[in-house]
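Worksheet: one structure, shown below.
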Protein chains: 2
Amino acid sequence: MASQSDVAKLANVSFMTVSRVVNGDPRVKPETRERVQRAIEELNYYPNAIARALNRQRAMTIGLILQKLDYVLSEPYISHLIYHIEKALIPHDYDMLILSGEHRNGRDLTLLFKQKKVDGVIILGSQMDDPRIAALSANRNPSVLLHAHSDLPFVSCVDVDNYSIIEYFIDYLTALGHRRIAFIGGDSSVLDAYQRLDAYAACVKKRCLPFEQELVFRGNWSSGSGYEAFLHFNELRPRPSAVIASNDHMAIGFLKAAYEHQVRIPEDISLVGIDDIEMAAFTTPKLTTMRQPMQTIASVAVETLVGAMENRDKPASHIILQAEPVIRDSCGPIPKV
Amino acid sequence: MASQSDVAKLANVSFMTVSRVVNGDPRVKPETRERVQRAIEELNYYPNAIARALNRQRAMTIGLILQKLDYVLSEPYISHLIYHIEKALIPHDYDMLILSGEHRNGRDLTLLFKQKKVDGVIILGSQMDDPRIAALSANRNPSVLLHAHSDLPFVSCVDVDNYSIIEYFIDYLTALGHRRIAFIGGDSSVLDAYQRLDAYAACVKKRCLPFEQELVFRGNWSSGSGYEAFLHFNELRPRPSAVIASNDHMAIGFLKAAYEHQVRIPEDISLVGIDDIEMAAFTTPKLTTMRQPMQTIASVAVETLVGAMENRDKPASHIILQAEPVIRDSCGPIPKV
DNA sequence: CTGTTAGCGCATTCAG
DNA sequence: CTGAATGCGCTAACAG
């Protein structure tokens, strides 16, 4: 495998000149540059990323931490988000390591930095009050939380405005006449899930709608838990006339259960989801939901992280993006009893 | 950030001794070892993975190449497979870079090796006759193809026995009385899709079942294409009485379309999928399918790759695993007309 | 059992 | 404009 010295010999220059050519240093005589270029091509030379990383003290790699790899990866929303993250990293020339939060280095994320494996991390779906996040901040390791929040000084966050999402739907559903509005929460250890639930409670109270424990079902983001939510709500008397699911996946599970139990959506129960995953447009009825600005979330997260990696002392930024309602066919006026 | 020399100073030894302690070299006096250990902990020292990689000429990183990141990642089957791959890598202490086949280095995968970024790659869903694969073999870059096949000397493959899968279903369906058995193919540029189609054609001919162009719908693995497949088959006269979908995702799309068009499964049409994704147990009716030995596929792929990385001259191995039928409720006897 | 020397491939610094 | 020296942090090979 050819190194700079090999190229240098062939081109009759010092390896330093080769280095300059490779890095586009302008102060190389065009003639020399061309000679070097030819040697590079002839030897099929490519810079050794590891040697470069050692020298520059930058791995040019970021870590994408997923708490529960198996589970989280199968969320269509997450997988698309990852796609956009990877894409956004390319112009910055960073690579992306996928790490399961539970597995390797499950205890201490700062290890990744101490070992110099990554220059920064993006964390998806972190638990609330995860002590590992605090450790990252304490070490000033560039970190961005996605769909989560933290007040730590060196941990940035990118999230959607969960309060507005819920508020929008509460308004929308009350405008249709609904008052008994139920809620399916996500995995409650995750902040996003918590915020949505919190927003639900706040909005419901603010509008003096019935707020009861049994109107809240604690799911875990999976369609299976949406299915169970239906079973639970279907037993209530009076039954809720509308349901807000914390993500589309659960809404789809709910839809399925409703179908199996001959409960019509939206005639009997109105239903909304959050995310606008691809499948939301293909359910029966088509799902009314809230489109997350995935691509923006991904690019903002990457830009924020790159900024933090290039300037370690930059204080954390907290960016809240707005979601956009997508009204389809899963909501209707409150049924006349 | 502490280095070996820092530790060495504190422990009053040479950095070489520190290196030995870190690497568990037995020939260090226990007393000295302990002193070094304490210094390591006091300074919170961790070996620099990059320096180590440069020296050992091994990045301890593999690349997972996904042809179409956005699309492929959202396949539940794939995301679980990735989970298992990550898990299988941990005991070997390798990290995993996720790379989109289309993006970065889209043209030349050997670049990843020339740059020393990875020691090996696992390629998921490669196109058939992808020239990049040939280049990998020519350079003897350790590579494993998953759900694909190649006869190249230095490219190993791990796949399921597609022929047996199809044959099983053909037998199963003919035993139920079906003769007009239709087929929904996957993205035909992918070898797995091609093999399944090929197996379908071979089995159908062998059993003298009707084989017509219109009984084959070329999908692309997505549930949307399964939906379209239904639309297509539903127009045929006579309509096929059974359908084999090349994956569960398409089968689910088919199911949905059938429901919307008041065609009953399995009363009117029998349907089978392949993969046994989680959702297959939750559809209405529950989907009869073929369970892929995901975990085995992942671990075999990892072991194969690790073997190839540790012995570059090892010839490629071609491993074919068997899938296991999961009979649920989506098939029935041929309807009496 | 421990230390010295050398070098992995590159880029920064300073000379020419 | 180009080259020589130096070091990033670590380990392999050889000395002691």
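Computation of the quantities below employed the complete heavy-atom set of this structure, encompassing side-chain atoms and omitting hydrogens, waters and symmetry-equivalent molecules. Per chain, numbering begins at 1; letters A, B, ... match sequence-line order.
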Is the phosphate of D:dG9, meaning OP1 or OP2, less than 4.0 Å from a side-chain N or O of B:Ser3?
-> no
For atom CZ of B:Phe15 and atom P of C:dC1, their distance in whole Å = 21 Å
Taking C-beta and beyond as the side chain, do B:Ile133 and B:Ser143 meet within less than 4.5 Å on heavy atoms?
-> no
Can you check the A:Asn12 CG to D:dT2 C1' distance for me, whole Å?
-> 13 Å
When you check the phosphate oxygens OP1 and OP2 of C:dA11, does a side-chain N or O of A:Ser19 lie under 4.0 Å from one of them?
-> yes
Taking five pairs at each end of the helix from C:dC1-D:dG16 to C:dG16-D:dC1, what angle separates the two helix axes (nearest 10°)?
-> 40°
Under-4.0 Å salt bridge between B:Lys117 and A:Asp95 = yes
In this structure, are over 12 heavy atoms from other groups packed under 6.0 Å from A:Glu34 atom CD?
-> no
Looking only at side chains, do B:Tyr194 and B:His149 share a donor and an acceptor under 3.5 Å apart?
-> no
If you find the nucleotide of DNA chain C closest to B:Met16 and the one closest to A:Ser5, which residue's nucleotide is nearer the 5' end?
-> B:Met16
Protein-nucleic acid N or O pairs under 3.5 Å, nucleotides 14-16 of chain C:
none

Passing option when B:Val158 is tested against B:Val300, B:Ile320, B:Leu305 for side-chain contact (heavy atoms from CB on, under 4.5 Å) | B:Val300
Rounded to the nearest 0.5 angstrom, the CD-CD distance for B:Gln127 and B:Gln67 is 5.5 Å
Value in whole Å for how far the C1' atom of C:dT13 lies from CG of A:Asn23 = 15 Å
Any donor and acceptor pair, going by atom type alone, linking the side chain of A:Asp130 with main-chain N or O of A:Ser126 inside 3.5 Å?
-> no
Rounded distance in Å - CG (B:Asp6) to P (D:dC8) | 10 Å
What distance separates B:Asn139 CG from B:Arg312 CZ, expressed to the nearest 0.5 Å?
-> 9.0 Å
Among side-chain atoms of B:His92 and B:Glu303, is any donor-acceptor pair under 3.5 angstrom?
-> yes
Describe the nucleic acid contact of A:Thr32 in one word from base, sugar-phosphate, nothing, applying a heavy-atom distance below 4.0 Å.
-> sugar-phosphate
What residues 33-60 of chain A contributes to the DNA chain D interface at heavy-atom separation below 4.0 Å is A:Leu54, A:Asn55, A:Gln57
Assess the side chains of B:Lys114 and B:Thr110: does a donor N or O sit below 3.5 Å from an acceptor N or O?
-> yes
Think B:Thr17 has a side-chain N or O under 4.0 angstrom from the OP1 or OP2 of C:dG3?
-> yes
Could you pull out the closest heavy-atom pair between A:Ser3 and A:Tyr45, with the gap in Å?
-> C-CE1, 3.7 Å
Scan A:Val22 against the nucleic acid and name what it touches under 4.0 Å (heavy atoms): base, sugar-phosphate only, or nothing.
-> nothing
Calculate the interatomic distance between B:Gln4 atom CD and D:dA12 atom P; express it in whole Å.
-> 11 Å
